[in-house]
Amino acid sequence: MNSVLLASNRGPVSFTVSDDGVLTMRRGGGGLVSGLSGVGKDLGVLWVCAALSDGDRGAVRQAPGGRLDHAGYDTGALRMLDIPAATFHRAYNAVANSTLWFVNHLLYDIPNTPSFGSRFHREWESYRDYNGAFALALAEEAAHEARVMVQDYHLTLTPAMLRAERPDLRIAHFSHTPWAPPEYFSLLPDEVAREVLEGILGADHAGFLTARWARAFMECCRSLLGAGVDEAAGTVTHEGRTTRVGVHALGVDGAALRERAGEPDVESHMAALREQVGDRRLIVRIDRTELSKNIVRGLLSYREFLAAHPEWHGRVVHLAFAYPSRHDLPEYREYTASVQRCAQEIEHEYATEDWDPLILNVDDDYPRSLAAYRLADVLLVNPIRDGMNLVAKEGPILSSRAALVLSREAGAAAELGEHALLVNPYDVCGTADALHRALVMPEDERASRREQLAAAATALPPQRWLADQLDALNYDQG
Ligand code: G6P
């Protein structure tokens, strides 16, 4: 029985299975996992996650009770849930990623999508089942009055389901995404919108990365549920229960990141990149190939910049790393193709025999990403909307001289905005201009901004985030 538990869809590791049946383990990706891996392990937290692939299912089936640590893997205490593949796909792809993610990042092409027919309602049933599987596993594993931290939009219903099962537990929910304003959130069918909000309100504490997202959640509770909201106190009261709403930014463990980025594999990627680009200035971006990351407009901005500033031709290279993500969704496959098309157009327009203006990589290579951070002169982070964005925080920690061009719609702008060059992510000309200003920024200004950015980025490391979440639950009890 465990006294502290953490639940998320993606776990800290994932497995691939080769043709001859051999399982290989690697670290999970994305903001949530990068932020929290390592922390939980130190504190003895039991992490409950879903099996995402055949490789994961293979590993779980060989592990007693789904406990990978009991099967000899070096994962920290980890239970992976073997949810039936069809249920998992409907919950993860159709509901979490195609619906809740789209709503909270304002990604719909409104004249055409969404359209909630009977198929959606079947998918919603699977989302319920999947959330129920987490609630059941947590109820089984949790000691009396244990603290349980449920993560993200995949698991909005779990807090209320778990509370029904185990009223003794202290439950937190945390959203790593933005939250939509009520007029956009209410695109969801009314009963679904209610269930999501009431699911989270099953927790004692609902956490968000910025005050803006917390406010949006409270506004949704007020206008869609008629809940009693005290914004100043950060409480939502609904059907006789009160949930506290808290803001907990997530930063980076600077020392651990620097140590990893000093390893020989990163150094050799740095040497290879230097060889490739010479002493040209580098504009770097690193993202999942994700609709909300706004990669196409980022490339269009670089193109505008090249058109407006011929004096930089031959003297600058844009390294754009866009590693694969959510390829089961057609929108993501199409988006990857648009990114590639746009990159080719820039190549055709500007490349010369001895100058490659843009290097686009669409495969995942963590040490190469760390090498790119270390070499960057400019870091471009221009999402349409983002819960936090850890790239904006990691870059200034590792680079010795990068200026940050940052979307004002990224949660990170709340902490970093003062020292970054803030842009409207839809304004391609404005972003092009910011790229230019970042390149010509005087050395002393660049150095002092970078220092301030790195200080802000490391102010709230994951250890602190986790401790604050746990403290918030102590307080709630009493
Ligand atoms: C965001 C979400 C995480 C998710 C990550 C990667 O950071 O907040 O919950 O794990 O994206 O997405 P994926 O679908 O690959 O898990």
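Atoms within a ligand are numbered from 1 in the order they appear, just like the ligands themselves.
Between R10 and ligand 1, a contact under 3.5 Å exists for at least one N or O pair. Checked against a 3.5 angstrom limit, the closest N/O atoms of R326 and ligand 1 fall inside it.
In this structure, W213 and R385 have side chains that are in contact, with non-hydrogen atoms separated by less than 4.5 Å. At a threshold of 4.5 Å between non-hydrogen side-chain atoms, the residues C49 and R10 do not count as touching.
Residue R288 places a heavy atom under 4.0 Å from ligand 1. Using a 4.0 Å cutoff on heavy atoms, D152 counts as a contact of ligand 1.
Between D265 and R260 a salt bridge is recorded (basic side-chain N to carboxylate O distance below 4.0 Å). In this structure, R222 does not pair ionically with E219, as no charged nitrogen and carboxylate oxygen lie closer than 4.0 Å. A salt bridge links R368 to D363: at least one charged side-chain nitrogen sits closer than 4.0 Å to a carboxylate oxygen. Residues R288 and D364 are not paired through a salt bridge, judged by the lack of any N-O separation under 4.0 Å between the basic side chain and the carboxylate.
Residue-ligand proximity, H154 to ligand 1, at heavy-atom distances under 4.0 Å covers atoms 9 (O). Taking a cut-off of under 4.0 Å to the non-hydrogen atoms of H176, the atoms of ligand 1 that pass are 8 (O). If you number the atoms of ligand 1 from 1 as listed, the ones under 4.0 Å from a heavy atom of Y92 come out as 13 (P), 14 (O), 15 (O), 16 (O).
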